[in-house]
Every structure is written in C-alpha cells, then in structure tokens.
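A quick write-up on the structure given underneath.
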Amino acid sequence: MSPPTDAQRMEKIVSLCKRRGFIFQSSEIYGGLNGAWDYGPLGVELKRNLKNYWWHVTVHERDDVVGMDGSILTHPAVLQASGHVEGFSDPMVDCRLTGKRFRADQIPTQSGTIFSFQFARDAIPPPESFSALVHIAAPHLQADKSVSLDDALKIALLVNERTNLGLQTPANDPESVLKFFLDLGHKLSTSSDVSVAELGEEFGTNYASNPIVSGDQFRVLIGDSENEAKARKKAKKLAQEFYRKRGLRFPVVDLLSTQPIENTRDFNPENGAELTQPRPFNLMFKTNVGAMEDESSIAYLRPETAQSIFVQFKNILEVSRKKLPFGIAQIGKAFRNEINPRNFTFRSREFEQMEIEYFCRADQGMELLEYWKEERLRFYENIGIPRSKLHVLTVPDDERAFYSKGTYDIEYDFPFGRQELEGVAYRTDYDLSQHQKASGKSLEYFDEETKQRFVPHVVEPSAGVDRTVLALICEAYSEDQAPDEKGKMETRIVLRFQPRIAPVKCGVFPLLKNNSQLVAKAKEIVSLLRPDMTVFYDESGAIGRRYRRQDEIGTPFGVTVDFETLGEKDPGLRDTVTLRDRDSMKQERVAIQNLPAMLRERIG
Ligand code: GAP
C-alpha cells in the first residue's frame, strides 16, 4: 500500500526550491508559463550531477554502451513510422462550465445525484419587447440594445408607479423577476388607458413568447453529502452560471429531472459540472522549419529521445563496431503538450529524459529486461533513494503497448503519491522494424558467427531527469532539531542529499570575517578544494547561521577556519580545521592537507 500523501510537505519543498534557487516557474515575472520550469544556480548543479552520474555509469563505465546526442527537431516521417503522429494522444475532456481541460483517464469516479437542465430563458426583457415599456415610461426615449437588469427594473417600476399598478419590487432572483415582468405585462394590458393597454399588450406578449433562450442541455452532479434543498440550490447556481456564459444575463433555468448515479466519470471533480465526451488530443508540439508555413515544412519537437536512437542505429553500429548485445544512450530534452501539467515538475511540457536502447537478440529480451530493471534500481539507491521507497510495477498485459513483451514501471513514493520515475520495457523488434519498413533502408544486424541477418530486439530503460531531481529533493528534505547560537533548540531544515549529487559539496567558513589571517587561510582552502568539487565560501553572519544556510541547500561538509588553524592556542593544531558533517552535525579536527582526499572519498 502506498503511504498517505502529504500536501503540506510538498508545499514546503516547492517553497524551499524557490527560496534557495533550485527551481523557478518559467517566465514568472509575466505570470508564468504552465508546464515549464527554470532551474536556478543550485538546481542546475543538482541536475548536472544526476546526468553526469547517469552518463558515467551508463556510458563511461561500460564497454557495451555508447552515447549520442540527437536533434530535437524531428522529421515527421520518423514520428509517423513510430506511431506518434497517429497515436501519441491522451483522451481529453473539457469542463462544460469553465472550459478546464482534464485527462479523461485521470477523472476519479464519483457518486451522487445528476441534475439535468434542458434549457433556460433570460428574465431580462429583450430590447424588442422592452421598447413598448420604455414608451409608456418616457415616450421620448429609445430602448437600448441590451438593457441591464437594473435599468429594466428602474423603467418597469416607473411604469408601475405612473400607472398605479401596485406591483411589489421583485426579489433579486431570476424567477421573481420573470414573474414580475409577466405580471406587469398582464396588468398593463388590462389598463383602462387604451394606449397603455395596447403598449402593455405588446410588451407582455413579446416578453412571454420571444425571450432570449438557450436550448443547450446541461447536467450537474452533486455529491451525496449535501441535503436535497442545498443540492438543488447548488445545481441551479451552476446551471445559471452555465447559461450566463451562453449569453443569458439573468437566466431562469429549467430543471428537467434528477437521477441518482454511482461511479460516474462524466463530471468535473472540482465543481460537479458536466464534462464533454473524451476526444483524442495529440501531445506533440508541431512547428514549421524554414520560411514556408505549410504541410511540407512541418516538423515536431521530439516527444522522447528514443526515436533518434532508432533512426541512427545503423550509423552508430557501423562506427562503433559493437556486437550484440549493446546499447545507445542519450540524455536530452523532450516535449509533450500535457493536458494537465501538475505536481510541480513531475508532469511538465518540457522535460529531460535519460534513455538507453539496449539492442539484443530475440532470445535475450526477457532476461535483459530483468537485468536492466535491477541495474536501474541499483542506480537510484546509489544516488540516495532507498530501495524501500522504490516500487516495481509490472505493467499488466492489457495496459502494455501491444508490441512490448514485458514492461516495468519503477515508482517512487512522492509526497503527492506513488508515481512513475522510469519505465523499463522490452519493446521487441517493433521500433527498428517500423523504421526499416517506412524508410526502405535495412536496419538489420549481421551476425558474423551464425551468418544470420535479423532486426535486433530492444530493451529500453527510460528515465526522467526532472522527475528524478524532484524525487531527490523530496527524499532529501527533512526537518530536525538543532541548537541555535545560544544553545536553544530550533527546527533545522536540511536537505540530506547523497554527497555525490549534492549541488555544493563543501562550505568553507573563516570564523571571523574581519581577521585577515583567518580569511586568507579559508580562501587558500577554497583554492585547494575547487579542482575536485564545488565549494561555497561564506564569511557573513554567525557561524551557526552559516551552517544552517548550507544545511538547507544540502551541502554535506563544512570546513571552519578558526584560531587553532593559525596555531594560536596549540601549535600542534596549526593548519588543521574543523570538518562538520551535515547530517550528524559532528565536528572533527582534520589537517588541511588531508582534506581533498578525505572529502573525495566521502563524496564517492
Ligand atoms: N521512450 C519511452 C518513453 O518515453 P515514457 O514512459 O513516456 O516512455 C519515460 O517516458 C520517462 O520520461 C517517464 O518515466 C518519466 O520519468 C519521463 N516523463 C515522461 N513524461 C514526462 C512529463 N510530462 N514530465 C516529466 N517527465 C516525464
């Protein structure tokens, strides 16, 4: 069972990311671009550390994987052959009230009562009928094209007064206003003043028979928790809003029926309004290449890095002279016009992938699927995501792509729920066969030993950079108690990053900023460590505060230069510093000359 979600924790993480410069909303000063994110000074370091480590273990440490870096702009033929042009879509539904778009498969089932409205009429008289009324009140005036409710009532009450009809001012709801105008027409038509009666008749008949109407049907779901009267009121309010958006300014709605329902997905879970029928929505971003904007110039921003690997398979095979099984790895941007970007960077429209296409013989596919699943789990553990927070979902037969013989999703327990980090799929020979067929170029492999020619099969571990960065931050975030300057315990926010991926590895602090010897020594240490790691020099504020600032960004080590470093108290301690560990907050005395090797070893 997945652990409960923790919205408060997630809020704190998002706020920390902005406050400390990990992740900002894209185009923030212009209101933000939904689904796009900018990584700040620390975020970019974290992201690079992740990508570099992935590249290192996937490409540099292996003989059987080579890298590539393909273009983002993709020829439509590639994505036609891969099936993306035809089928890379999500079923989409729109809220009929707000227009908000949802993925149909993400709508939760709901139960309650459906209120069906079949049409509505406007209680405000249309100008044609209203002109007769205006004529009674003030014969020199012309009826406005679209009179407001206030003006309509003002005129009507003036008529009421002038002709002594004795009607009461209606309540401020469409039904009362409708009744008021109907009564007004009726009473005026029976006036003893013939001209008033004629105009009243004209107004009344027109108002009753030619209202502004909307024949759109509209349904609302109200949950069982509401009592009947409240449910009706709520449904009516939504329906009025719906018809207002269709041009009726003060709609009187017509409730046709009510009907209990269970487990429906037809309604907006946020407001109960009816959703449209699902329609496929292609997630690819289309653009035009060159000066012409027509069919011939269409290109797509790639929706995954994988396709350029398949398309370059033959070239890379030839130049690398690899034998099966072997892989091609790539890290790069991918773009999907997601219907609902959400959960911070988790589902974005622009994101990065780290993908391996590992080519093999058909009989090796299932075994390699298991192998890569285990390799990838080990990778996550090595960057600080414990096995207990990772879950392997075997994608069931009916949810797997038709060409895949086995797919695993590696999931992580995010504060917003258990969600996919990476997919590991055995895709058979589908991709290469499709491109071979569509391009007319052979993508076969010639096996020197067996003298056989065949299209290789492929196992694909496909990970998301941004999702992994988010998982790393979520995993690292913690709060504990630590003493402040005066020894009083306070809450400490600390990112417990695995040192290997921490954006800054070591903070260096002179105890006092106005002591030139301490400062000079601290700067010497910065120069000593910099060739091996990212270092942050900080001389401002009390030392405890400086530690806290580094804890909050996940710096695993802190070096403090004090008077002992200068040999003032004990000559034996000259050129030693305190080395503080972020997690245990323990300090040890270390010789400066030993620092680089010691830290290198601890960073891993
Ligand atoms: N080539 C296979 C492929 O692209 P996928 O499951 O669609 O498979 C692989 O994507 C990984 O890419 C996901 O597990 C996820 O980590 C990342 N990813 C996919 N869509 C994403 C999005 N909209 N935002 C962030 N990451 C995404």
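The first residue in the sequence is number 1, and the count goes up from there.
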So, Glu588 and Arg602, do they make that salt bridge, N to O below 4.0 Å?
yes
Rounded distance [0.5 Å steps], CG in Asp105 versus CD1 in Ile339
8.0 Å
Do side-chain atoms of Glu352 reach the backbone of Lys333 as a donor and acceptor pair under 3.5 angstrom?
no
How about Phe359 and Tyr445: are their ring centroids closer than 6.0 Å?
no
Could you walk me through whether Leu390 and Ile385 pass side chain to side chain contact (heavy atoms under 4.5 Å, CB included), step by step?
CA-CA 8 Å; Leu390 296 165; Ile385 301 182; 3.7 Å; yes
Between the side chains of Arg496 and Ser478, is a donor N or O closer than 3.5 angstrom to an acceptor N or O?
yes
Picking from Glu375, Glu370, Arg376, what satisfies side chain to side chain contact (heavy atoms under 4.5 Å, CB included) with Lys373?
Glu370
Side-chain donor-acceptor contact under 3.5 Å, Ser308 with Gln330
yes
Using a 3.5 Å distance criterion without hydrogens, assess whether the side chain of Arg546 forms a donor-acceptor pair with backbone atoms of Asp538.
yes
For the backbone of Glu444 and the side chain of Ser442, can you confirm whether one donor and one acceptor N or O come within less than 3.5 Å of each other?
yes
Distance-only, no hydrogens or angles: does the Arg336 side chain make a donor-acceptor pair with backbone N or O of Leu283 under 3.5 Å?
no
Hey, does Ile553 have a side-chain heavy atom less than 4.5 Å from the side chain of Val504?
yes
How long is the straight-line distance from CD1 of Ile473 back to CD1 of Ile501, given to the nearest 0.5 Å?
8.5 Å
Side chain to side chain contact (heavy atoms under 4.5 Å, CB included) involving Glu11 - partner list, sequence neighbours excluded
none
Is the shortest side-chain N to carboxylate O distance from Glu552 to Arg19 below 4.0 Å?
yes
Does one side chain, of His56 or Glu61, offer a donor that lies under 3.5 Å from an acceptor on the other?
yes
Heavy-atom side-chain proximity of Ile356 to Ile328 below 4.5 angstrom:
no
Hey, what do you get for CD (Gln498) to CD (Glu381), rounding to the nearest 0.5 Å?
11.5 Å
Is it the case that Lys47 places NZ or CZ above or below the six-membered ring of Tyr39, under 6.0 angstrom from the centre and within 45 degrees of the axis?
yes
Side-chain ion pair, Arg582 and Asp551, N-O less than 4.0 Å:
no
Using distance alone, with no hydrogens and no angle criterion, decide if Glu475 and Tyr412 have a side-chain donor and acceptor under 3.5 Å apart.
yes
Flag the pair Trp37 / Phe351 as yes when their ring centroid distance falls below 6.0 Å, and as no otherwise.
no
Find out whether the Lys NZ or Arg CZ of Arg103 is both under 6.0 angstrom from the six-membered ring centre of Phe281 and within 45° of the ring's axis.
no
Can you tell me how far CZ of Phe310 sits from CD1 of Ile316, rounded to the nearest 0.5 angstrom?
11.5 Å
His457-Arg361 side chain donor-acceptor pair, cut-off 3.5 Å:
no
Smallest separation among heavy atoms of Ser462 and Glu355, with atom names
OG-OE2, 2.5 Å
Has the side chain of Gln434 got a donor or acceptor atom that lies under 3.5 Å from a matching backbone atom of Ala81?
yes
Between Asp38 and Ile23, does a side chain to side chain contact (heavy atoms under 4.5 Å, CB included) hold up when you go through it step by step?
CA-CA 6 Å; Asp38 295 339; Ile23 302 170; over 6 Å; no
Test your reading of the model: is there a side-chain donor-acceptor pair from Ser297 to the backbone of Gly290, 3.5 Å cut-off?
no
Between Phe344 and Phe416, does the ring-ring contact (aromatic ring centres under 6.0 Å, His included) criterion hold? Intermediate values first, please.
CA-CA 10 Å; Phe344 200 22; Phe416 46 82; 9.2 Å; no
Within 6.0 Å of CD in Glu293, more than 12 heavy atoms from elsewhere
no
Quickly, which of Glu422, Arg387, Lys389 forms a side chain to side chain donor-acceptor pair (under 3.5 Å) with Tyr380? Name it, please.
Glu422
Check for a donor-acceptor pair, side chain of Asp409 on one end and backbone N or O of Glu411 on the other, with a separation under 3.5 Å.
no
Take atom NZ of Lys405 as the centre, draw a 6.0 Å sphere, and report whether it contains more than 12 heavy atoms from other residues, nucleotides or ligands.
no
One thing to verify: whether Lys12 and Glu479 come together as a salt bridge, which I'm taking to mean a side-chain N less than 4.0 angstrom from a carboxylate O.
yes
Arg453 and Asp447 ion-paired at < 4.0 Å
no
Grab the two heavy atoms, one from Ile13 and one from Pro415, that are nearest each other, plus how far apart they are.
CD1-CG, 4.2 Å
Report yes or no: does Asn343 contribute a side-chain atom to a donor-acceptor pair with the main-chain N or O of Phe346 at less than 3.5 Å?
no
How close do Met284 and Pro303 get, counting heavy atoms only, and between which atoms?
SD-CG, 3.7 Å
Using every non-hydrogen atom in the two residues, find where Thr555 and Gly507 come nearest and quote the distance to one decimal.
CG2-N, 3.6 Å
Asn263, CG: over 12 other non-hydrogen atoms inside 6.0 angstrom:
yes
Would you say the side-chain atoms of Tyr358 and Asp64 include a donor-acceptor pair closer than 3.5 Å?
yes
Where do Leu369 and Thr407 land on the side chain to side chain contact (heavy atoms under 4.5 Å, CB included) test, with the steps shown first?
CA-CA 8 Å; Leu369 177 67; Thr407 301; over 6 Å; no
In short, Met68 meets Ile309 closest at the heavy-atom pair SD-CA, 3.8 Å
For residues Phe285 and Arg302, determine if any side-chain heavy atom of one lies less than 4.5 Å from a side-chain heavy atom of the other.
no
Between Arg427 and Glu357, is the closest basic N to carboxylate O distance under 4.0 Å?
no
Do Pro396 and Glu399 make a side-chain contact, defined as non-hydrogen atoms from C-beta onward lying under 4.5 Å apart?
yes
What is the ring orientation for Phe313 with Phe326, classed by angle as parallel under 30°, tilted 30 to 60°, or perpendicular over 60°?
parallel
Least distance between heavy atoms, Ser348 atom then Glu338 atom
O-CG, 3.3 Å
Steps toward side chain to side chain contact (heavy atoms under 4.5 Å, CB included) verdict (Thr5, Phe414)
CA-CA 8 Å; Thr5 57; Phe414 287 96; over 6 Å; no
Donor-acceptor contact below 3.5 Å, side chain Ser404 vs main chain Tyr426:
yes
Side chain of Arg347, backbone of Asn340: donor and acceptor closer than 3.5 Å?
no
